[in-house]
2 protein chains.
Amino acid sequence: MEFDPTTHPHRRYNPLTGEHILVSPHRTKRPWLGQVEPPSSPNLPQYDPQCYLCPGNSRSGGQKNPVYESTYVFENDFAAILPPPAPAAPPAPHPLLTTEPVQGGCDVLIFHPRHDLTLARLQLPEIERVIEEWIRVYRKRGAEEHVKYVQIFENKGAMMGCSNPHPHGQVWSLSAIPTLPATELAHMRAYAQTTPATSGAPRGPRGRPCLLSEYAHYELGVPEAEGRVVLRNEHWVALVPWWATWPFETMLLPHHRHVPSLAHLTPAEKASFADALARLTKRYDNLFACSFAYSMGIHQRPTPPAAPQSEAEAQDDEENVAQLHLHFDPPLLRSATVKKFLVGFELMAEAQRDLTPEQAAARLRACSEVHYLDALGKEEGPWEM
Amino acid sequence: MEFDPTTHPHRRYNPLTGEHILVSPHRTKRPWLGQVEPPSSPNLPQYDPQCYLCPGNSRSGGQKNPVYESTYVFENDFAAILPPPAPAAPPAPHPLLTTEPVQGGCDVLIFHPRHDLTLARLQLPEIERVIEEWIRVYRKRGAEEHVKYVQIFENKGAMMGCSNPHPHGQVWSLSAIPTLPATELAHMRAYAQTTPATSGAPRGPRGRPCLLSEYAHYELGVPEAEGRVVLRNEHWVALVPWWATWPFETMLLPHHRHVPSLAHLTPAEKASFADALARLTKRYDNLFACSFAYSMGIHQRPTPPAAPQSEAEAQDDEENVAQLHLHFDPPLLRSATVKKFLVGFELMAEAQRDLTPEQAAARLRACSEVHYLDALGKEEGPWEM
Ligand SMILES: [Zn+2]
Ligand SMILES: [Zn+2]
């Protein structure tokens, strides 16, 4: 009997986190008996007088949004992290009960004045403005004395607990490197220090191998039909990682050189970043003909360098071991209304999936890059499924 | 300014996993704008002809349940893990893409013939039979040659993706120790090997300190009003861990001695286990006057010893470093219809909570141990909220 990854249960290792994922590909045919979600409302107004993010409207904290015309950033009225000063924590009552005060700030970053547009529906120059705003906030927050990590993310869709469809993301900046980015950075650092560089993949600082550059390089060499690549352009690749947890999880990262952070992007890399974001989010929306819910997060160098670095300085800076990448974690499983739950065995033991990452990538590759709402009546793409 | 854990944002460390949790206690007063869940149906029939778990009914795999009168165990018709033999995995195409075949089995364990009863509504002797069945399956699966871990869990409630209210749990047995129990075991082992034993807490094998026994011992010494203990009896304690992620997460564990697994329980410890389970699940149901959704998992020694051990053998067996404990991860946040979402920052960075564990424990302590359905019209408990 020969091992077949589309038939035999197996575990895959996530070298970024050190965790495993249990893959049960033979189960993809079991009947669905679980909860069905309400479909997302298809017709949103361009302006919603009740929306606290629309231009000119009041927020629940009492502040009023300006009549902004592009992106707009404000501090969250109910921030999970507060600005300094933070009082020192008392000594731990027992070594097993430790507390660490946290300080920093939480920003809301509105992508566009239109209430009804998402990244998948924005024009490329509009997406480029979002990228510029991410870079600006990353630099600004990252320069604050107490900030050790700037976490940019987007949480999209009622299914993800996001109440407001107005296109926006968040930026939480804090005085500690959070658990997941800290774990990933530790694995990237260990890889750079212990792995011999043998491939032709781009290298990180000091000519050492970069875990994610090696991985992207490998994936781009796999024949498309059996691989995990969803789309690529000159600088970026989107793929379903070998170790993906969510059914249609993807990672978006630069493949042509090691890029530690958003602040290191060249103008050409920003333009192709916008292109890749537009194409990936359109494919997502087209997969089930709905506004696709997801959590997206940007992982990178914890804070930008204090000043622009020469090539030699960049090579010598250990912090540059980070490789910029985006995670997209979407909950949908088999239609616009059936989602995956991370419960039971997954909460208590380890992540589990039925559909293989290769099957998910093939499904996403089969999707059109013309948004289904723009293509209606034009007989394009696979969204009639 | 003095540090106040009910006001100042802080991080707590989870010594079982090495992860952190961000606590934002000042945020508990923010308005709720998120999704509201449908309430769970209150009136279930004692027998449902459509239920594939009810006695005498057919399952979707075609098999028929016997007319069982107590607990009933069968192999899952759509098991995520299959019995041996499993073919060997091919060599990794790249060191970053590793595969490990998995074998084992998935059992379904029905708690009771009645469709409408949950652990919170069962009589103590009925809960003791569930415990005996857990022990039996743990021993049986744990004795299979290829099985390295037996994960017992219950996933309850439509909110957790569980489609069937018939009271049941699952047991997944596999040829690897899954990520979370493996991580916890590694932390327990490191604690035993590196921490000087100074407290009067029960010790693990070789007289070394046991992380969870130390922790439970400390918690039981904290004055109730400021602590995290929800309930206790002679052998067991239920508490909201210092590092809890879910709003009303609890851990249930023996406190009077180190107990490596279910197979090590004495008859008296089993009886008081049933008592603690009954009281905890009743408090959960009473908190929001609903059948409380949760994922529950039992962590313990990966598989039982092959034969009963003398005290000296038990002391000498490194595998006994595990301490038996149950995790309850419930999603509800502020009512029967408002749940917590683990999304955005939590998926991309680290777990986050608003309500402190101490506040959650106080809320659970204030609940009655008479189930609200049994107390209706009797003016008891806080469930009218
Ligand atoms: Zn990452
Ligand atoms: Zn545990």
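Chain naming here is simple, since letters A, B, ... match the order of the sequence lines and numbering starts at 1 in each. Heavy atoms only: backbone and side chains are in, while hydrogens, waters and symmetry mates are out.
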Is a salt bridge present between A/Lys148 and A/Glu100, judged by a nitrogen-to-oxygen distance below 4.0 Å? no
So, the part of B/Tyr294 with a heavy atom under 4.5 Å from chain A: the answer is neither
Engaged part of A/Phe3 at the chain B interface, taking heavy atoms whose separation is under 4.5 Å: both
Salt-bridge criterion met for A/Arg228 and A/Glu249 (N-O under 4.0 Å): no
Whatever's closer than 4.5 Å to a heavy atom in chain A on B/His20 counts as both
Max heavy-atom pairs within cutoff under 4.5 Å with chain A, candidates B/Glu154, B/Gln170, B/His299, B/Glu346, goes to B/His299
Taking side chain as everything from C-beta outward and backbone as N, CA, C, O, which of these in A/Ala351 sits under 4.5 Å from a heavy atom of chain B? Side chain, backbone, both or neither. neither
Quick one: what part of B/Ile152 sits under 4.5 Å from any heavy atom of chain A, side chain, backbone, both or neither? neither
Contacting moiety of A/Ala349, where chain B heavy atoms sit under 4.5 Å: both
Is any side-chain heavy atom of A/Lys339 closer than 4.5 Å to one of A/Leu333? no
B/Pro85, part contacting chain A, at a heavy-atom distance under 4.5 Å: both
Using non-hydrogen atoms only, which part of B/Pro331 is less than 4.5 Å away from chain A: side chain, backbone, both, or neither? neither
Whatever's closer than 4.5 Å to a heavy atom in chain A on B/Tyr218 counts as side chain
Is it the backbone or the side chain of B/Arg353 that comes under 4.5 Å from a heavy atom of chain A, or both, or neither? neither
Is NZ or CZ of B/Arg12 both nearer than 6.0 Å to the six-membered ring centre of B/Trp243 and within 45° of the ring axis? no
Please identify, among B/Gly297, B/Ala182, B/Ser175, B/Pro5, the residue contributing the most non-hydrogen atom pairs under 4.5 Å to chain A. B/Gly297
Select one option (side chain, backbone, both, neither) describing which atoms of B/Ile298 are under 4.5 Å from chain A's heavy atoms. neither
